Amino acid sequence: MRKIRLFIASSLDGYIARTSGEVDWLFTDQDYGYNEFFNQIDTVLMGSKTYHQVLTFGEYPYKDKKGFVFSKTVQVERDNNVEFVKENWKDFINALRQSSGHDIWLVGGAQTIHYFMKHGFVDELILSIHPIILGNGIPLIVNDSSLETALEFKNVKTYDSGLLQVSYDLKKNIY
């Protein structure tokens with residue numbers, strides 16, 4: 001079965017973006033393991049807000065990967081970059097995990113992460129913690145006691161910039 005891996009950055013206080021969706025505080029001075037990770041996946045998954053945010057960065061960065069966007073409101077089936085998943089999300093995710101291929105990257109955002117966590121679809125979390133406190137923003141994990149999940153520590157990498165990258169395997173929900 002293919003693994004779904006959440007590879008994401010957050011502030012020290014747990015935000016993945018400013019309230020506006022901006023991520024201008026993220027370090028871009030080096031790779032931080034991104035290319036190694038990117039070479040291990042062949043599929044990217046994200047919510048529609050994240051997809052539209054990614055499109056503002058310039059050229060679509062995942063052209064050589066199969067892309068799916070989860071949205072209940074989008075009217076089209078696909079565009080030049082991705083296919084849209086509008087319904088039967090559980091069935092779609094289960095079928096995707098059973099299909100052949102490499103690992104799958106859950107890019108974000110918060111609502112999509114919540115759905116995947118709530119249904120036990122995230123197998124691994126790789127969290128790059130930036131040494132900044134935003135004080136407000138879009139949280140990595142929304143306040144929902146049904147998301148209680150045990151984590152199994154795998155690895156931690158430290159960088160001179162102060163960034164910590166922590167890797168965990170997720171166990172089955174314990175609620």
Side-chain angles (χ1 to χ4, degrees), residues 1-10 14-26 28 31-128 137-144 146-147 149 167-170 172-173 175:
M1 181 179 339
R2 299 168 71 186
K3 288 188 350 181
I4 296 178
R5 303 168 74 189
L6 175 57
F7 182 93
I8 196 162
S10 81
Y15 296 107
I16 58 174
R18 296 187 189 279
T19 305
S20 65
E22 292 295 317
V23 291
D24 57 322
W25 50 273
L26 290 175
T28 57
D31 175 77
Y32 296 107
Y34 175 81
N35 284 323
E36 179 183 350
F37 173 82
F38 196 71
N39 289 331
Q40 296 171 4
I41 58 110
D42 63 4
T43 306
V44 294
L45 310 176
M46 65 192 91
S48 60
K49 288 180 189 174
T50 298
Y51 178 62
H52 288 99
Q53 181 76 12
V54 165
L55 293 178
T56 69
F57 299 154
E59 186 177 341
Y60 182 71
Y62 316 124
K63 284 197 179 290
D64 60 339
K65 309 293 181 185
K66 186 74 175 158
F68 298 98
V69 172
F70 291 84
S71 174
K72 292 183 179 180
T73 59
V74 73
Q75 298 301 313
V76 295
E77 302 250 338
R78 63 180 308 121
D79 67 14
N80 292 334
N81 303 314
V82 298
E83 292 180 35
F84 294 89
V85 182
K86 297 187 275 187
E87 52 193 34
N88 300 320
W89 290 8
K90 284 184 192 178
D91 293 340
F92 175 85
I93 296 163
N94 283 322
L96 184 63
R97 293 178 83 187
Q98 297 298 325
S99 67
S100 62
H102 296 290
D103 287 345
I104 301 163
W105 179 15
L106 175 57
V107 178
Q111 292 175 349
T112 305
I113 292 168
H114 180 264
Y115 181 88
F116 276 69
M117 292 287 296
K118 188 169 187 74
H119 294 92
F121 288 129
V122 178
D123 299 298
E124 181 181 10
L125 168 61
I126 303 167
L127 179 61
S128 296
I138 300 170
L140 170 62
I141 306 294
V142 298
N143 189 7
D144 179 348
S146 73
L147 296 182
T149 305
S167 300
Y168 298 97
D169 282 334
L170 279 72
K172 298 240 186 244
N173 289 345
Y175 57 89

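Note that the structure is a prediction, hence the values are computed from the model and not measured.
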Quiz item: What do the steps show when you test Ile138 against Thr19 for side-chain contact (heavy atoms from CB on, under 4.5 Å), and what is the final call?
Solution: CA-CA 6 Å; Ile138 300 170; Thr19 305; 5.6 Å; no

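- Between Ile16 and Ala9 the shortest heavy-atom distance is CG2-O, 3.4 Å.
- Atom CG of Asn81 and atom CD of Glu59 lie 9.0 Å apart (nearest 0.5 Å).
- Taking 4.0 Å as the cut-off between side-chain N and carboxylate O, Lys118 and Asp144 count as a salt-bridged pair.
- Residues Pro61 and Val54 come closest through the heavy atom pair CD-CG1, 3.5 Å.
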Quiz item: Taking it one step at a time, do Tyr115 and Gln111 satisfy side-chain contact (heavy atoms from CB on, under 4.5 Å)?
Solution: CA-CA 6 Å; Tyr115 181 88; Gln111 292 175 349; over 6 Å; no

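- Closest heavy-atom contact between Thr112 and Gly108: CB-O, 3.9 Å.
- Leu6 contributes atom CG, which lies 13.0 Å from atom CD1 of Ile104 (distance to the nearest 0.5 angstrom).
- Closest approach of Ser10 to Leu127, counting heavy atoms only: OG-CD1, 3.6 Å.
- Between Leu140 and Tyr15, the closest side-chain pair of non-hydrogen atoms is not below 4.5 Å.
- Side-chain contact between Trp105 and Leu45 is absent, with no heavy-atom pair separated by less than 4.5 Å.
- Distance OH/Tyr32 to CG/Leu26: 10.5 Å, rounded to 0.5 Å.
- Remark: Met1 CE to Gln98 CD distance equals 5.0 Å, nearest 0.5 Å.
- For Tyr62 and Tyr60, the distance between ring centers is under 6.0 angstrom.
- Contact annotation: the side chain of Ile8 approaches that of Ile113 to within less than 4.5 Å [non-hydrogen atoms, C-beta and beyond].
- Listed for the Thr149 side chain is a donor-acceptor partner under 3.5 Å among the backbone atoms of Leu147.
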Exercise. Please test Asp103 against Phe37 for side-chain contact (heavy atoms from CB on, under 4.5 Å), starting from the C-alpha separation and ending with a verdict.
Key: CA-CA 10 Å; Asp103 287 345; Phe37 173 82; over 6 Å; no

Atom pairs and distances, side-chain donor-acceptor, residues 86-93, under 3.5 Å, sequence neighbours left out:
from	atom 1	to	atom 2	distance (Å)
Trp89	NE1	Val85	O	3.2

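- Checked for salt-bridge contact, Lys65 and Asp42 miss the test: no charged N lies under 4.0 Å from a carboxylate O.
- At a cut-off of 3.5 Å, with distance as the only test, a side-chain donor of Tyr51 or Asp79 sits close to an acceptor on the other residue.
- Here NE2 of His102 is found 15.0 Å from NZ of Lys66. Values are rounded to the nearest 0.5 Å.
- Distance check: Asp169 CG to Glu124 CD gives 5.5 Å after rounding to the nearest 0.5 Å.
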Exercise. Show the numbers, then the answer: is there a side-chain contact (heavy atoms from CB on, under 4.5 Å) between Arg97 and Ile4?
Key: CA-CA 8 Å; Arg97 293 178 83 187; Ile4 296 178; 3.7 Å; yes

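- Between Ser71 and Val74, the closest heavy-atom pair is OG-N, 3.1 Å.
- Annotation for Arg18 and Asp24: closest pair NE-OD1, 2.7 Å, computed over non-hydrogen atoms.
- Using modelled atom types and a 3.5 Å distance limit, the side chains of Thr43 and Arg2 yield a donor-acceptor pair.
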